[in-house]
Amino acid sequence: MSSMLLPIVLTGCGTGSQSSEKVIEKPDIKTTDGFFAPEVLEAFGRISEVAPSPDGTKIIFTLAYEDIQENKANAEIYSMDADGQNMKRLTTTAPSESNLQWIADGTKIAFLRKDDASKKMQIFVMNADGSDVKRVSDVENGIECFVISPDGTKIIYGSPVKAFNKDEDLFKDLPLTSGRVVDDLMYKHWDEWVTEIPHPFLADFSVDGISGAVDIMEGEPFECPMRPFGGTDAFAWSPDSKTLVYVSRKLKGQDYAFSTDSNLYLYDLASKSTTCLTEEIPGYDTNPAFSPDGKSLAWLSMKTAKFESDKKRLMILDIASKEKRDLTEQWDYWPEQIAWSKNGDAIWFAGYYQGVEPIFKIDVKTCAIDTVAMDVCDFSTVTPVADNAVLTLRHSMSAPNEICLVRTDNKEVKELTSVNKELLSQLKLGEVRKVMVPTTDGKEMCTWVILPPDFDPSKKYPALLYCQGGPQQAVSQFWSYRWNFMIMAAHGYIVIAPNRRGLPGFGTEWNEQISGDYGGQNMKDYFSAVDYMAKEPYVDEKHIGAVGASYGGFSVYWLAGHHENRFAALVAHAGIFNLQSQYLETEEMWFADYDLGGPFWDKNNAVAQRTYSNSPHLYVDQWTAPILVTVGELDYRILASQGMMAFNAAKMRGLEAEMLVFPDENHWILKPQNAILWQRVFFRFLDKYLKENKK
C-alpha cells in the first residue's frame, strides 16, 4: 500500500459547560492520494435524529464525530433553516446529546444528556438558539428515552428498575459476592446480564422540571421500552394528551425467550386504566402512531410469534369501533418507518424494495401506494413537514447520511446538508453496479457489484463475496462503518454483494425461504453470484475471498466446507459454527427455534434434522482455505466460543488461521480504536492470501 494518510488533527478543542472532559470536534483529516483508509472511515460525520420545528421554519438534528485518540464519539445538536441554510451548532459539550424534542411552541428544545454529577442521562431544556441550558430532571436511575405530551404538560419516559429475580435473603449480608442465582431463561440479553429492566414513568412536565412520576407498569416484571433497541418508538401520545399507547412484551422466563409477542397498550391518564389493543395478534406489534385527529392508530405488526423477520404489516385501528385493517395486505413488501401525513389522509413510510429503500405514501382509505422517491440509495426515515413533503435521511454505499427534503408534487429530492462533502471529495470511490444474476432455480437475484477506484477492465482484480447477516437483513444501499464496501474497493477488491434468498425487499416468498433451510438455497445463491462474476475477464477467479458477520459468519463457515476451491481466503465475524450449541446458547431463543426448525433432539422433526445436519462444524474435514475469525466477548447473541471453536478447528486441521478477540465488544465492534484495529487485521489477512500469494 503506497498511500499516505496525514495525522488526524482535532480543531477547536475545548471544554464543555458541564465537564472537564475534552469536547470531541470534527477531525481535520487529509489524504494525499484519495485512498480510503480505516482512519478516514472513522472521520465521517454521523447525522441522526432530525426534528422540524412546529412552524416548519427550523430543523434540529444531531451530528456526531469520533476521536480516535480519545476512543469515543460525541454527538452535538445543530439547527438550520428549513431550506438547509444558516446551519448553527447549538451545544458544545463533552457528553453526547440525544432524544431531541421541540417544546413550548417551538421556542425551546428538550433533550437527553449525561449529567456530570450523577453520570446518569437526564433531561435538559434550552432555548431554540442554544442559550439558557438547564437540567429539568433528577431521576435516580437516569432516563433512557422520553416523549412529552402534545399539550406540554406531561411526559412519559423510560427508566431502569431492578429486575424481579433476586432473593434478597440470600444476598443481605454478602455485599461483595459476584454470584448470580438463575432459575429461568433470559437471564442475559444482547450484551448484558439482566439485572435491570426499563419501565415507563408518567410525570408532570414543565420547563422548570418534572414531578409526580408514576411507574405505569409498577410491579410488572416486563420491559418498556423493549430491549435491546426500543426507545421513543415505544410510545405514542394521543393529540389531546389524554391517553398514550406503549409497547411491551409482557412475557417472562421461557415464554419471553421463545416468543416475539409484543402488544400495544392504551393507558388512560384520567382513569389510570390500561387496555391491550392487540391481544389477538401473536407476533411483534410496534411503532404506534396516532392520526392527527386522534381517531385512528397506525402501527407495524407481524403475524407470527417466533418469526422476528416476518412481513411487517401496516395496520390501522379505529379507536371508537376497534376495527382493525391491514393497509398493506395486497402489497408484497413492507414498511420499516411510518409517519402520518399532516392532514391524516395518508401514511408515509420507507421500506426495502428491489435492493434499495424508497419512500412511499399510502392512502388510508383506498390503500393505494405511491412511490414518492426512489434512487440508488436508501431513505431511512420519514418526518412530515407538510402534506406534500417529508424530511428524510439519505445514504448509499457511496456516502453516509445527509438530510434531504422529499416532495410529492414534483418528486424532488433536495439535499439540505452536506457535512461529509469535503471529506468525500478527497476520496477516490468505486463504481456501484447492479447485476441480475441467474439462480439455480430459474430466478434472478439482484447483486450489487462495487468496483475499485480507477477500475481498468483490462486488468484482473481479486474479489470478495459479501455474506449478509440477519439472516433477513437487506443488502440495500446501506452505508456501514465496518462492512463498508467503498473501503474494500479502495483496497483493490471487487465486492460481490448478493441479495440472496432470505432478504427483504423481494417479496415474502423470497424473504421466508431461508427459515428451516440453512445451508440450502441461499448458499446456492452465493455460489451463483460468485460463479457468474468469476466469468468476467477482470475478476481473478483464483483469488476470491468470502467475508461476513453473524449469519454472514455462519455462511462463511458453511462455505468453508462446501466451496470446492472457489475461495482462497475466508473472514468470519460473530458467526455460528455449531448449530446445536447455538440453539442452546443464544438468549432470544424464539429466533433459533423458528429459523432452525426446532430443537436438535426432536428426531422426528425433518426440518430441524436437515438444519442440524448442515451445521458448519460437521464439515471441518473439508476446510481448505485460510480463515480469519473475529469475536466480541460481550456478544450474547452468538457467543464468542462459536468463533473460538472454529479457530481451534482450523488450527487443528493444520490450516493457516488467525483470530482477533475483543473482550469489551458485543455483536458489533463499536469503539473507534477497536474498529480501526479490526479493519487493519481484516485487510492484512486478505491481502496476504488474495494479493501477496498470487503466482
Partners meeting side-chain contact (heavy atoms from CB on, under 4.5 Å) with Ser515 (sequence neighbours left out)
Phe307, Gln472, Tyr594, Asp595
Answer yes or no: is there a donor N or O on one side and an acceptor on the other, between the side chain of Asn499 and the main chain of Leu503, under 3.5 Å?
no
Under 4.5 Å between any side-chain heavy atoms of His573 and Ile669, yes or no?
yes
For Phe35 and His491, I'd like to know if the aromatic rings sit close, meaning centre-to-centre distance below 6.0 Å.
yes
Does the pair Lys312/Glu336 count as a salt bridge with the N-to-O cut at 4.0 Å?
yes
Taking C-beta and beyond as the side chain, do Thr260 and Met302 meet within less than 4.5 Å on heavy atoms?
no
Note: Lys311-Glu512 ion pair, threshold 4.0 Å (strictly below)
no
Tell me whether Arg249 contacts the main-chain N or O of Ser259 through its side chain, where contact means a donor paired with an acceptor under 3.5 Å.
yes
Side-chain (Asn484) to main-chain (Ser480) donor-acceptor, under 3.5 angstrom
yes
Side chains of Arg566 and Ile544, heavy atoms from C-beta outward: is any pair under 4.5 Å?
no
Do you know the tightest heavy-atom contact between Arg501 and Lys443?
NH1-CD, 3.7 Å
Using the side-chain hydrogen bond (donor to acceptor under 3.5 Å, both in side chains) rule, take Thr439 and Asp441 through it: C-alpha gap first, then chi angles, then the decisive distance, then the call.
CA-CA 5 Å; Thr439 62; Asp441 57 347; 2.6 Å; yes
Which is it for Trp668 and Trp483 under the ring-ring contact (aromatic ring centres under 6.0 Å, His included) test, yes or no, and what are the steps along the way?
CA-CA 11 Å; Trp668 298 292; Trp483 297 95; over 10 Å; no
Six-ring centre of Tyr493, Lys691 cation under 6.0 angstrom, axis tolerance 45°
yes
Salt bridge check: are Glu144 and Arg227 linked by an N-O gap of less than 4.0 Å?
yes
Any donor and acceptor pair, going by atom type alone, linking the side chain of Asn666 with main-chain N or O of Trp190 inside 3.5 Å?
no
Value for CG (Leu559) from SG (Cys467), rounded to nearest 0.5 Å, stands at 5.0 Å
Test your reading of the model: is there a side-chain donor-acceptor pair from Ser396 to the backbone of Cys377, 3.5 Å cut-off?
no
What are the two closest non-hydrogen atoms of Pro282 and Lys303, and how far apart are they?
CG-O, 2.9 Å
Can you check whether Ile638's main-chain N or O pairs, donor with acceptor, with Gln582's side chain at less than 3.5 Å?
no
Would a 4.5 Å heavy-atom cut-off, applied to side chains only, mark His189 and Glu588 as touching?
yes
Tell me whether the count of non-hydrogen atoms from other residues, nucleotides or ligands lying under 6.0 Å of NZ in Lys428 goes above 12.
no
Residue pair Ile496 / Thr447: nearest heavy atoms and the distance that separates them
CG2-CG2, 3.9 Å
Any heavy-atom pair between the side chains of Phe567 and Val530 that's under 4.5 Å?
yes
Apply the test side chain to side chain contact (heavy atoms under 4.5 Å, CB included) to residues Val40 and Leu427: give CA-CA distance (whole Å), side-chain angles for both, the deciding distance (0.1 Å), then the verdict.
CA-CA 9 Å; Val40 176; Leu427 302 175; 3.8 Å; yes
Any salt bridge (charged side-chain N to carboxylate O under 4.0 Å, His left out) pairs touching residues 576-587, not counting sequence neighbours?
Glu587-Arg637
Do the rings of Phe506 and Trp510 sit parallel, tilted or perpendicular, given the 30° and 60° boundaries?
tilted
Is the backbone N or O of Phe577 less than 3.5 Å from a side-chain atom of Gln642, with the two atoms forming a donor-acceptor pair by type?
yes
Going by distance alone, is a donor N or O of one side chain under 3.5 Å from an acceptor N or O of the other, for Gln521 and Thr440?
yes
Residues that Tyr256 engages under ring-ring contact (aromatic ring centres under 6.0 Å, His included), provided they are two or more places apart
none
Is it true that a side-chain atom of Gln609 and a backbone atom of Asp602 form a donor plus acceptor pair closer than 3.5 Å?
yes
Min side-chain heavy-atom separation Asn401-Ser380 under 4.5 Å
yes
Answer yes or no on whether Arg180 is positioned over the face of Tyr187, meaning its NZ or CZ is under 6.0 Å from the six-membered ring centre and within 45° of the axis.
no
Between the side chain of Asp378 and the main-chain N/O of His395, is any donor-acceptor distance below 3.5 Å?
no
Chi angles and distances behind the side chain to side chain contact (heavy atoms under 4.5 Å, CB included) call for Cys446, Lys434
CA-CA 7 Å; Cys446 170; Lys434 183 177 182 179; 3.5 Å; yes
Kindly indicate, with the supporting measurements, whether the criterion side chain to side chain contact (heavy atoms under 4.5 Å, CB included) is fulfilled by Val620 and Trp623.
CA-CA 5 Å; Val620 171; Trp623 284 21; 4.1 Å; yes
Would you call the rings of Phe485 and Tyr466 parallel, tilted or perpendicular, taking 30° and 60° as the class edges?
perpendicular
Apply the test ring-ring contact (aromatic ring centres under 6.0 Å, His included) to residues Tyr557 and Phe554: give CA-CA distance (whole Å), side-chain angles for both, the deciding distance (0.1 Å), then the verdict.
CA-CA 5 Å; Tyr557 293 143; Phe554 163 87; 8.2 Å; no
Parallel, tilted or perpendicular for Trp678 and Phe682, by the 30°/60° rule?
parallel
Within 45 degrees of the ring normal and closer than 6.0 Å to the centroid, is that where the cationic atom of Arg433 sits relative to Trp448?
no
Would a 4.5 Å heavy-atom cut-off, applied to side chains only, mark Asp593 and Pro599 as touching?
yes
The test is side chain to side chain contact (heavy atoms under 4.5 Å, CB included); show your working for Thr586 and Phe591 and say whether it passes.
CA-CA 9 Å; Thr586 194; Phe591 169 75; 5.7 Å; no
Might you point out which heavy atoms bring Leu579 and Pro616 nearest each other, and give the distance in Å?
CG-CD, 4.4 Å
Rounding to 0.5 Å, atoms CG (Leu423) and CG (Leu41) come to a distance of 9.5 Å
What heavy-atom pair brings Ala625 and His563 nearest, and what distance separates the two atoms?
CB-NE2, 4.2 Å
Show your reasoning for whether side-chain hydrogen bond (donor to acceptor under 3.5 Å, both in side chains) applies to Ser555 and Gln468.
CA-CA 8 Å; Ser555 301; Gln468 179 65 302; over 6 Å; no
May I ask you to test the Leu464-Leu690 pair for a side-chain heavy-atom distance under 4.5 Å?
yes
Got more than 12 heavy atoms from elsewhere within 6.0 Å of CD, Gln254?
no
Kindly say whether Thr304 contributes a backbone atom to a donor-acceptor pair with the side chain of Asp310 at under 3.5 angstrom?
yes
Aromatic rings Phe527 and Trp558: how do their planes relate, parallel, tilted or perpendicular, breaks at 30° and 60°?
tilted
Can the positive tip of Lys188 be found less than 6.0 Å from the middle of the six-membered ring of Trp193, inside 45° of the ring normal?
yes
Nearest 0.5 Å please: distance from the OH atom of Tyr284 over to the CE atom of Met226.
5.5 Å
Tightest non-hydrogen contact, residues Val556 and Val571, listed as CG2-O, 3.5 Å
Classify the ring geometry between Tyr551 and Tyr518 as parallel (under 30°), tilted (30 to 60°) or perpendicular (over 60°).
perpendicular
